[in-house]
Amino acid sequence: MASANRCSYTFEEYKESAEWLLAHTDKRPELVIICGSGLGTLAEQLEDKTSFKYQDIPHFPLSTVPGHEGRLVFGKLSGKQCVCMQGRFHFYEGYPMSKVTFPIRVFHLIGVKTLIVTNAAGGINRSFNVGDIMLIKDHLNIAGLSGQNPLCGQNDERFGVRFPCMSDAYDKQLLSLALEIAKEMNYSSFIHQGVYCMLAGPTYETIAECCMLNTLGADAVGMSTIPEVIVARHCGLRVFGLSLITNKVVMDYGTHEKANHEEVLQTCKLRAKDLQAFITKLVSKVD
Ligand SMILES: O=P(O)(O)O[C@H]1O[C@H](CO)[C@@H](O)[C@H]1O
């Protein structure tokens with residue numbers, strides 16, 4: 001199979017990537033933060049940074065989407081060793097799910113125990129406003145329901161079991177910790193809990209699709225995160241996820257509003273500082 005777009009990696013390839021990182025830095029993070037579209041500035045908050053371009057790390061895919069830098073940044077946040085993915089990979093970029101999720105198993109192999117995953121998402125829940133933050137309590141894996149689950153294919157027991165449970169995908173303790181922090185920081189008026197739904201993209205949703213997702217119980221919609229969460233849970237990482245509501249999805253035929261990536265990036269810019277402060281506090285309290 002051509003290596004550019006094949007559908008699986010060998011254990012040795014994940015290991016090669018992990019060993020390359022371990023050889024190029026003496027930092028040993030316990031926590032990884034995936035920065036969503038336009039949210040990469042979070043990585044700049046790290047102290048004593050060491051960065052690697054994705055193109056230099058064996059087997060790493062490349063970021064192709066505006067707002068995704070394509071760098072792995074190691075450093076300390078709130079005194080804890082972290083690694084930030086400044087840019088993620090999406091299925092719509094033409095990558096198979098194994099590439100989209102490749103870094104997660106590498107992080108597991110270098111000793112990471114907790115994943116904090118962030119994304120930009122369209123608000124479906126009518127009580128959400130642009131700029132709100134949704135803590136993810138559950139997900140609707142539409143891409144997975146249509147056959148694109150990152151765990152399809154031969155299972156490697158060295159990573160996890162054949163049939164992993166997903167009813168506990170989002171760690172309840174981390175979620176309640178985040179809610180406490182939201183109160184402490186006076187963020188409660190713009191922080192909610194909800195269900196994140198992933199579609200394959202890259203098209204934004206039609207009005208009928210948004211209405212369908214609303215009926216199905218989705219509170220926010222995006223084109224990422226769930227594959228990463230599934231692979232992280234499969235290999236035993238604890239997961240906390242949040243969505244920045246960057247736009248309201250269109251559910252009304254009478255409106256002229258249109259979803260667009262510029263608005264998404266613009267909202268991220270406006271909320272970046274609050275989001276950084278929130279995650280920094282959360283990291284300080286994660287045990
Ligand atoms: O999920 P992240 O990477 O934050 O980005 C979201 O923003 C982009 C669309 O504007 C899509 O990539 C969608 O998934």
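For ligands, and for the atoms within them, numbers begin at 1 and follow the listed sequence.
Side-chain atoms of His192 and Asp132 form a donor-acceptor pair, as typed in the model, at a separation below 3.5 Å. When only modelled atom types and interatomic distance are considered, Glu69 and Ser63 share no side-chain donor-acceptor pair under 3.5 Å. Using a 3.5 Å distance cut-off with no hydrogens or angles, the side chains of Thr64 and Glu93 do pair a donor with an acceptor.
For atom 1 (O) of ligand 1, the candidate residues are Gly122, Ser224, Gly222; the nearest heavy-atom contact is made by Ser224.
Distances between N or O atoms of Tyr204 and those of ligand 1 include at least one value under 3.5 Å. Ligand 1 has no nitrogen or oxygen under 3.5 angstrom from a nitrogen or oxygen of Thr225. Inclusion of Met223 in the set of residues having an N or O under 3.5 Å from an N or O of ligand 1 is warranted. Close N/O approach between Gly36 and ligand 1 is not found [any backbone or side-chain N/O within under 3.5 Å].
Shown here is Lys53, whose NZ atom has no more than 12 heavy atoms of other residues, nucleotides or ligands within 6.0 Å.
Sequence neighbours left out, the pairs with a member in residues 179-208 that pass salt bridge (Lys or Arg N to Asp or Glu O under 4.0 Å) are Glu184-Lys281, Glu184-Lys285.
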List the atom pairs, with distances to 0.1 Å, where a side-chain N or O of residues 159-169 and a protein N or O form a donor-acceptor pair under 3.5 Å, not counting sequence neighbours.
residue : atom : partner : partner atom : Å
Arg162  : NH1  : Gly153  : O            : 2.8
Arg162  : NH2  : Leu151  : O            : 2.8
Arg162  : NH2  : Gly153  : O            : 2.9

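Residue contact check: Tyr92 has heavy atoms under 4.0 Å from atoms 11 (C), 12 (O) of ligand 1.
Heavy atoms from both the backbone and the side chain of Asn119 come within less than 4.0 Å of ligand 1.
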